[in-house]
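What follows is one structure encoded as structure tokens, with my remarks underneath.
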Amino acid sequence: MSSGDILDVVFDRFLSGTTIFANRDVLRHDYVPQALPHRDEQIHKLGAMVAPALTGSKISNVFVYGKTGTGKTAVARFVLSHLERRAGDTGAPVRVSYINCRLAGTNYRVLAELCRTWSVNVPFTGLASGEVLDRFRDSLIASKRFTVVVLDEVDALVKHQGDDTLLYELTRINESLRGGWVGIVGISNDLHFKEYLDPRVLSSLSEEELLFRPYLADELYDILLARAKSAFLPNALLEPALRLCAALAAGEHGDARRALDLLRVAAELAERETAKAVTEEHVRLAQQKIDDDRVAEALKSLPLHSKVVLLATHLISSRTQEGAITGDVYGVYKELCDVTKVEPLTQRRVSGLVNELDVMGILNARVVNLGRYGRTKKIRLGIPPKALSDAFSHETLVSSLMSYTPKSFHRRRIA
DNA sequence: CCTCCACTGGAAACCTAGGCTC
DNA sequence: GAGCCTAGGTTTCCAGTGGAGG
């Protein structure tokens with residue numbers, strides 16, 4: 001049998017042999033369904049806020065907030081795609097640009113992305129932000145269109161007080177447009193986000209506000225049921241499994257995204273073992289798998305130095321009961337760099353990396369005062385050591401350090 | 001009550017990669 | 001192709017911190 005034949009067998013089996021899915025895309029969280037259960041109120045309100053666009057009037061900027069998986073993005077996409085379609089019918093020159101700020105990463109990349117949705121060419125680096133903004137503005141003026149810019153996860157752009165220049169510029173862009181306008185829909189998971197904003201930006205960005213409450217277990221159940229109807233073949237899903245997905249996700253602040261992930265992964269597990277239906281057992285396995293995968297993914301995509309810092313922490317904490325402290329971690333980190341011929345970063349930088357890892361939940365770092373013995377951070381792994389060795393097993397350089405025995409490790413007595 | 005350790009974390013300077021203009 | 005500019009990452013510098021131990 002040739003390689004091509006083997007592949008044909010695999011593909012055929014995939015195409016015909018599935019016992020579970022009718023349409024798996026329905027369970028992806030970027031899928032926008034025909035109906036959004038339990039979000040009528042928000043759809044109605046947001047619809048009313050953007051409706052003036054159909055007659056060419058400037059819409060108010062809207063600030064949408066609520067926790068992850070409460071339907072913010074889905075509602076925004078739903079409402080705005082309807083707006084665009086309706087505008088197409090009536091001939092209103094409305095256009096919607098959707099940007100995920102966290103995925104974009106920086107101010108510059110958000111702007112560049114924005115330009116790309118307008119087919120304006122910008123290099124991925126090298127230009128001044130102001131220049132990119134100018135190009136965006138020029139294309140707006142040239143096209144004479146009304147624009148709704150959706151900035152999903154805007155909080156990712158403003159981590160410190162005072163770096164809200166991009167938002168400031170965007171909220172002011174209308175002043176320099178003749179004829180067109182830009183309306184901003186800002187979406188944030190972080191309820192405290194507003195505190196970091198310049199009052200001028202805040203008042204301009206949140207001319208209107210829309211709050212999304214977490215879903216209740218019953219509501220999650222309805223959402224899952226609606227999707228499941230088109231995602232699964234008849235009888236491929238047992239009702240208790242669906243209940244369990246809803247209950248588990250409700251336990252985690254009513255996160256619909258989580259619920260959908262659970263259902264999808266559970267179904268994939270069931271399919272892989274060619275089970276006839278998705279059971280509660282599959283859901284439980286899925287819960288574990290999602291957590292493991294998320295950690296593994298985060299670990300693999302870490303920059304080299306962060307990995308070494310993690311290893312240093314691991315090496316120390318596997319040799320003492322107490323958590324490691326910054327000085328020790330840095331000492332061992334430098335040793336590991338030395339062994340692998342990697343130029344070490346400074347302690348200040350490593351301390352910054354530790355903070356980043358702490359935010360990601362991979363490390364637990366806590367500032368402690370040891371009195372006479374100074375002020376430092378106690379650092380512990382936030383994940384099982386096994387996750388480390390698994391994730392790094394493909395990288396010879398890093399994995400070889402897992403069994404290294406640190407020399408410089410002068411532990412003093414800590415109260 | 002005072003000292004002083006071992007850092008923390010803010011701020012600014014510095015470095016690098018990449019695009020722009022001429 | 002030189003000389004300029006910027007964003008993002010890193011280093012350098014340093015004031016600030018809070019409690020054990022004297």
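These values consider heavy atoms only, across backbone and side chains, with no hydrogens, waters or symmetry-generated copies.
Salt bridge annotation for A:Arg294-A:Glu297: absent, with no cationic side-chain nitrogen under 4.0 angstrom from a carboxylate oxygen.
Screening residues 54-83 of chain A for salt bridge (Lys or Arg N to Asp or Glu O under 4.0 Å), with sequence neighbours left out, gives no hits. Identified under the ring-ring contact (aromatic ring centres under 6.0 Å, His included) test for residues 72-105 of chain A, with sequence neighbours left out: A:Phe78-A:His82.
Annotation: side chain to side chain donor-acceptor pair (under 3.5 Å) contacts of A:Arg243 (sequence neighbours excluded): A:Glu239. With sequence neighbours excluded, the residues that form a salt bridge (charged side-chain N to carboxylate O under 4.0 Å, His left out) with A:Glu153 are A:Arg102. In this view, A:Asp218 satisfies the salt bridge (charged side-chain N to carboxylate O under 4.0 Å, His left out) rule with no residue, not counting sequence neighbours. Listed by chain and number, the residues in a salt bridge (charged side-chain N to carboxylate O under 4.0 Å, His left out) with A:Arg135 are A:Glu131 (sequence neighbours excluded).
Regarding contacts with the backbone of B:dA6, every side-chain N or O of A:Lys377 stays at 4.0 angstrom or more from both OP1 and OP2. Between B:dG9 and A:Asn355, a contact under 4.0 Å exists linking OP1 or OP2 to a side-chain N or O. At the phosphate of B:dC7, neither OP1 nor OP2 sits under 4.0 Å from any side-chain N or O atom of A:Thr326.
Between the CD1 atom of A:Ile325 and the P atom of B:dT8 there is a distance of 9 Å, given to the nearest Å. As rounded to whole Å, 12 Å separates atom P of B:dT8 from atom CG of A:Asp328. The CG atom of A:Asn369 sits 13 Å away from the P atom of C:dG21 (whole-angstrom rounding).
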If you look only at distance, which donor and acceptor atoms sit under 3.5 Å apart when one is on a side chain in residues 40-50 of chain A and the other is two or more places apart or in another chain?
unit_1, atom_1, unit_2, atom_2, d
A:Glu41, OE2, A:Lys45, NZ, 3.0
A:Gln42, NE2, A:Leu211, O, 3.3

Under 3.5 Å, N/O pairs linking protein and nucleotides 2-5 of chain B:
unit_1, atom_1, unit_2, atom_2, d
B:dT3, O2, A:Arg372, NH2, 3.0
B:dC5, O4', A:Arg372, O, 2.9
B:dC5, O2, A:Gly371, O, 3.0
B:dC5, O2, A:Gly374, N, 3.0

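Among the nucleotides C:dG18, B:dG9, B:dT8, the one closest to any side-chain atom of A:Thr376 is B:dT8.
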(message) Counting primed atoms plus P, OP1 and OP2 as sugar-phosphate and everything else as base, spell out the protein contacts along nucleotides 6-14 of chain C at 4.0 Å heavy-atom distance: B, S or - for each nucleotide, 5' to 3'.
(response) SSS-SBBB-
